Every structure is written in C-alpha cells, then in structure tokens.
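Atoms considered below: every heavy atom in the structure, side chains included; atoms not considered: hydrogens, waters and symmetry mates. In what follows, residues are counted from 1 in the order of the sequence shown. Nothing here was measured: the structure is a model prediction, and the numbers come from that model.
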Amino acid sequence: MTLTNPADGSVLGVVEETSPAEVFEHTTAARDTYRSGVWSGLPPRERAAALLRLATLMERDAQLLATLDSEDAGKPITECITGDVPSAIESIRWFAEALDKRYGRTSTTGRDVLAFTEREPYGVTAAILPWNYPLAMAAWKIGPALAVGNALILKPADASPRSAQHVSALATEAGIPDGILRVLPGTGPVTGAALAADLHVGALSFTGSTATGRNILTAAAQSNLKRVSLELGGKSPQILLDDALDFGDTLLDGMIEAAFLTAGQNCTAGSRILVHERIHDQVVASFTAAAEALQVGHPADPKTKIGPVINDIAADRILATITQATADGATIAAGGREIPVVAGGRYIAPTVLTDVRAGAAITRTEVFGPVVTVQRFRTHEEAITLANDVDYGLAASVWTRRLDDALVLARGIEAGLVSVGSYSEGDLTVPFGGWKQSGYGGAEKSLRAFDQWSREKTIWIQQHP
Ligand code: NAD
C-alpha cells in the first residue's frame with residue numbers, strides 16, 4: 001500500500017498489507033505468547049511499570065509521533081502536538097496507574113463455600129482503528145487491553161499506520177514482551193475482515209463508521225462470536241438556549257472547535273447547531289465570521305486550523321452533500337466550496353448552512369467534513385425533538401447557565417455524552433461511547449474500559465469436613 005500525504009499528495013512510503021494467512025499466523029502466535037504467561041503472568045505492578053515506561057518513551061518521541069499523524073492523516077500539526085499526542089500519552093499512563101486498583105467480588109454463600117469472581121483477560125484481542133485520530137485511538141485500546149494482560153493485535157486505518165507502528169517499537173523498548181502488541185497494517189476488506197472473522201481473537205474493539213461496524217458484527221457472528229465493542233459515527237448537536245450568548249467568546253471558541261476540529265472529520269463533531277430563535281441571527285453572524293476567519297492551510301504550518309480532507313473520495317462526497325443541501329433549500333452562509341491551498345491536496349472551506357429544513361438529508365447524514373448546519377427552535381421540547389431526529393447518538397453540547405434547563409435537555413437527549421457549558425468529551429475518568437447507531441455506549445475511557453478487555457469468572461470452592 002502506498003501512503004500519501006493528504007496535504008499535497010506526496011508519497012510518504014510503502015507499507016505491506018497483511019494478508020489473511022499472515023493475520024492467522026499472527027493470531028496463532030499471539031495466542032501462544034499469551035498462554036506462555038510472559039505478560040499476563042507478570043505481577044500487575046510490573047505490567048504497570050512497563051506501560052509507564054512506554055508512556056515516557058512516547059513523551060520522548062512526541063514530536064515524531066505528532067509529525068507521523070499529521071502527515072498520514074493531514075491533521076494540523078498544532079492539533080497533534082497539543083491534542084492527540086499528549087492525550088494518547090495520558091491514556092497509557094492512566095490505565096497503567098489504574099490497573100491494580102480493580103477488585104473482584106466475594107459473594108455471600110454458606111459457611112462451607114468460598115465463592116468469588118475475578119476478571120481475566122480474553123487472551124488474544126484485536127482493535128481496528130479509524131484514520132482521524134490514529135495515535136489517540138490506538139492509545140485508548142493499547143492502555144486497557146495490555147493493562148489487564150491481553151495480547152493485542154492492532155489494525156490501524158489504511159491511511160495512517162505509522163504512529164501505531166512506532167508505538168509498537170517503543171513497546172519493545174519499554175520491555176513489553178515481543179509479540180504482545182502487534183501492529184498489522186492493511187486495508188479493511190483484507191486485513192480488517194480477516195481479524196473480524198478470526199477464530200483466536202476473543203474480543204475486538206472497533207472504532208470507525210457505522211457501515212463497517214455492521215460488517216464486523218456480522219463477521220463476529222459468523223465466526224467465533226467474539227465480543228465486539230463498537231464506537232461509530234455521529235451527528236451531534238450543539239444546542240444554544242436563549243442565554244447562551246452570556247458565555248461570550250467561550251461559546252464561540254467551543255462552537256468552532258466542535259464544528260471544525262480536524263476539519264470536521266471528527267466522530268463527535270458538533271455538526272448541527274440548534275439555536276434558540278431569539279439569538280439565531282446574532283449567533284449566525286458571529287459564527288459565520290469566525291468560520292471564515294479560520295486559517296485553511298498546509299497541516300505542517302503551525303498556524304493552520306483547517307487542513308485538507310483525507311482523500312478525493314471524501315472531498316467529492318462532502319461537496320456533493322453541500323450541493324444536495326442547497327437543492328433541499330439550505331443557504332450557504334460561509335464556505336461551501338473547495339479552495340486551492342496546496343496542489344495535490346483537497347481543501348474545503350469551513351461551511352455554514354442556514355435555513356435548513358428539519359428532516360433534510362443534511363441534518364441526518366454524517367458529513368465527516370467541515371460542514372455545519374444551523375436550525376432554530378422555540379421551545380425545549382422542539383430542541384430535544386430536533387436533537388433526537390437522527391439515527392446516531394454519540395454526543396451533544398448544551399449551552400446555558402440555567403441548571404434546571406440544562407438538566408431537562410441533558411436528560412432528554414439520546415446520546416452517550418452530553419456536555420453543558422462546553423464542548424468536551426471530559427477527561428479519562430469518565431466513560432465515552434455512543435448510543436443508537438453510534439455504538440454500544442460507554443466502553444472507552446474510565447474504569448469501565450477494562451470491562452471491554454476482560455471477562456468475569458466465578459470461582460466456587462466447596463469446603464469439605
Ligand atoms: P471506516 O469504517 O471506513 O474504517 C475504519 C477501520 O475499519 C479502518 O481501519 C478500515 O480499514 C477498517 N475496515 C473497513 N472495512 C472493514 C471490514 N469489512 N472489516 C474489518 N475492518 C474494516 O472509518 P474511517 O473512515 O476510518 O473513520 C471515520 C469514521 O469513524 C466516522 O464515521 C467517524 O465518526 C468514526 N469514528 C468514531 C469514533 C468514536 O469514538 N465513536 C472515533 C473516531 C472516528
């Protein structure tokens with residue numbers, strides 16, 4: 001597979017695709033490594049120490065890791081340096097520090113029985129990753145999967161394997177036994193599909209599109225019923241109640257980040273702005289001006305806020321979606337066009353669509369690009385109805401200082417995460433995951449993440465006189 005930089009189409013290198021036969025060899029070897037106990041048999045503190053060393057090595061190579069993600073995925077380098085890389089390091093550290101703070105349960109049985117549960121690793125586990133947060137998503141999987149003692153096979157996205165490959169080398173340097181973390185590059189239909197259907201993989205964690213999630217579930221059902229965890233797409237609302245302007249610049253900054261981080265190619269992108277009619281015009285004016293002021297540029301330029309979209313297919317799809325939205329009655333308040341920033345890259349201006357009809361295709365389809373719609377509402381009920389009128393349920397933000405109203409909205413929204421007074425996924429202490437066709441909810445981050453990578457065993461010991 002030839003890797004190209006989305007910024008300018010230059011060739012970054014060639015990576016060999018892992019064939020289905022090679023996937024099987026790797027999962028067989030991973031099973032043997034796991035069973036040898038070389039990792040799972042270590043005292044938890046030793047596994048923690050190795051993962052902490054890995055985090056320190058990632059810190060040492062932070063600049064390189066940021067560059068790899070920026071080049072592979074076309075993400076602005078500043079975003080990688082200040083966001084993706086530190087958050088990935090923090091994830092590895094957090095799960096390392098948490099791994100020996102978990103307890104099983106003892107049940108209340110008769111005096112002649114000792115019955116307890118403990119959580120054990122699955123053995124061979126796998127993760128299939130999207131391209132938009134290559135390192136950060138890898139860390140969300142590596143941290144808890146390795147912490148509990150599994151062997152992990154990671155399939156990075158076709159376009160962005162290099163940061164995961166580097167982390168795999170760092171894992172060896174950190175003293176994590178060879179073969180415990182394997183990174184297998186390849187395309188979805190070949191390498192990914194082989195992993196999803198593999199008979200050795202006991203648990204598979206997938207982050208990517210809803211369509212691929214369906215294929216993976218089918219493959220799991222038709223193979224060994226592996227435990228599948230799904231983190232999928234989204235169409236998240238940003239809801240502004242009539243006091244939202246009280247937040248001043250914080251509101252505008254939060255809205256811009258929600259809409260346009262990673263050029264809107266973000267699962268939790270706040271791609272639908274729902275605004276109270278009283279402040280609608282003012283919000284549209286200031287948001288449109290802020291969107292137009294964003295610097296669209298080469299991702300290697302530290303001042304760039306909006307980089308290219310990932311490839312031609314994505315660019316053509318995004319432009320077609322905008323055309324369809326205008327045909328359905330929407331007005332382009334900002335952007336709406338491709339801009340020639342760097343030859344060989346596809347750059348789309350931050351786009352704001354107003355006069356968007358409830359139920360129009362653009363309000364329900366994940367665009368996965370720098371495109372936001374604005375719709376107005378009058379009552380809380382109307383806002384909740386609009387917010388929930390999608391198949392997705394990943395995240396939402398609510399902007400109000402009135403706690404009573406915030407609670408009504410937060411409780412009414414069908415999503416795995418609602419942030420109030422900010423656009424935020426929270427820190428590592430809170431679970432993350434979508435509802436509805438965004439996934440199974442709350443399986444990433446926090447101590448809950450360990451459940452995805454371990455299974456419960458009951459041990460019943462009968463005492464004999
Ligand atoms: P994608 O579904 O096209 O690809 C994701 C991964 O699945 C890639 O590694 C790909 O090679 C692999 N794949 C594709 N077909 C496969 C198959 N048949 N069997 C097994 N694996 C297969 O998604 P993408 O374009 O890389 O990422 C964008 C999507 O990911 C968006 O929908 C976005 O919302 C979602 N996403 C979700 C989260 C989350 O946490 N919920 C985070 C990031 C991205």
K.L.:
Nearest 0.5 Å, what's the CG-OH distance between D389 and Y392?
P.N.:
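OH of Y392 is found 13.5 Å from CG of D389.
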K.L.:
Show your working on salt bridge (charged side-chain N to carboxylate O under 4.0 Å, His left out) between E456 and R105 and close with a plain yes or no.
P.N.:
CA-CA 10 Å; E456 192 155 45; R105 289 173 295 170; 2.8 Å; yes
K.L.:
If you count the non-hydrogen atoms of other residues, nucleotides and ligands that lie under 6.0 Å from CD1 in I461, is the total more than 12?
P.N.:
yes
K.L.:
Start with the C-alpha distance between S419 and V398, add both sets of side-chain angles, then the distance that settles side-chain contact (heavy atoms from CB on, under 4.5 Å), and finish with yes or no.
P.N.:
CA-CA 6 Å; S419 63; V398 176; over 6 Å; no
K.L.:
Can a side-chain donor-acceptor contact be found between S205 and K141 if the only test is distance below 3.5 angstrom?
P.N.:
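Distance-only check passes for K141 and S205.
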K.L.:
Could you grab the distance from atom CD of E79 to atom OG1 of T262, nearest 0.5 Å is fine?
P.N.:
3.5 Å
K.L.:
Identify whether the distance between the nearest side-chain nitrogen and carboxylate oxygen of D72 and R162 falls below 4.0 Å.
P.N.:
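A salt bridge links D72 with R162.
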K.L.:
For a 4.5 angstrom cut-off between non-hydrogen side-chain atoms, does S209 reach L232?
P.N.:
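They are not in contact (no side-chain heavy atoms under 4.5 Å apart), so the answer is no.
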K.L.:
Does Y34 have its ring centroid less than 6.0 Å away from the ring centroid of Y122?
P.N.:
no
K.L.:
Around atom NZ of K445, are there more than 12 heavy atoms of other residues, nucleotides or ligands at under 6.0 Å?
P.N.:
yes
K.L.:
Using a strict cut-off of less than 4.0 Å between a Lys/Arg side-chain nitrogen and an Asp/Glu carboxylate oxygen, indicate whether D84 and K75 qualify as a salt bridge.
P.N.:
yes
K.L.:
Would you tell me whether E25 and T28 have side-chain atoms, one donor and one acceptor, within less than 3.5 Å of each other?
P.N.:
no
K.L.:
Hey, mind stepping through T67 and S70 against side-chain hydrogen bond (donor to acceptor under 3.5 Å, both in side chains) and telling me if it holds?
P.N.:
CA-CA 5 Å; T67 304; S70 176; over 6 Å; no
K.L.:
Ignoring hydrogens and geometry beyond distance, is a side-chain donor-acceptor pair present between S229 and Q452 at under 3.5 Å?
P.N.:
yes
K.L.:
In Å and rounded to the nearest 0.5 Å, what is the CG to CD1 distance from D198 to I153?
P.N.:
7.0 Å
K.L.:
To the nearest 0.5 Å, what is the distance between CD1 on I384 and CZ on R411?
P.N.:
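Reported value, rounded in 0.5 Å steps: 12.0 Å.
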K.L.:
Would you find more than 12 non-hydrogen atoms of other residues, nucleotides or ligands less than 6.0 Å from K303 atom NZ?
P.N.:
no
K.L.:
Can a salt bridge be assigned to the pair R93 and E59 using a cut-off of 4.0 Å between side-chain N and carboxylate O?
P.N.:
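Yes, R93 and E59 are salt-bridged.
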K.L.:
Check for a donor-acceptor pair, side chain of Q265 on one end and backbone N or O of I310 on the other, with a separation under 3.5 Å.
P.N.:
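Between the backbone of I310 and the side chain of Q265 there is a qualifying donor-acceptor contact (under 3.5 Å).
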K.L.:
Measure across L146 and L51 and return the closest heavy-atom pair with its distance rounded to 0.1 Å.
P.N.:
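Taking every non-hydrogen atom into account, CB-CD2, 4.1 Å.
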K.L.:
Between T207 and Y133, is there a side-chain donor-acceptor contact under 3.5 Å, judged purely by atom types and distance?
P.N.:
no
K.L.:
Applying ring-ring contact (aromatic ring centres under 6.0 Å, His included) to F432 and W140, what does each step give before you reach the verdict?
P.N.:
CA-CA 11 Å; F432 175 84; W140 277 15; 5.2 Å; yes
K.L.:
Does the pair E414/K436 count as a salt bridge with the N-to-O cut at 4.0 Å?
P.N.:
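Salt bridge flag = yes for K436 with E414.
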K.L.:
Roughly how far, to the nearest 0.5 Å, is the OG atom of S168 from the CG atom of D178?
P.N.:
8.5 Å
K.L.:
More than 12 foreign heavy atoms under 6.0 Å from CD of Q462: is that the case here?
P.N.:
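Yes, CD of Q462 has more than 12 neighbouring heavy atoms, counting only those of other groups under 6.0 Å.
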K.L.:
Report yes or no: do D69 and S163 form a side-chain donor-acceptor pair below 3.5 Å?
P.N.:
yes
K.L.:
When you check the gap from the basic side-chain N to the acidic O, do E120 and K457 get nearer than 4.0 Å?
P.N.:
yes
K.L.:
Can a salt bridge be assigned to the pair D451 and R119 using a cut-off of 4.0 Å between side-chain N and carboxylate O?
P.N.:
yes
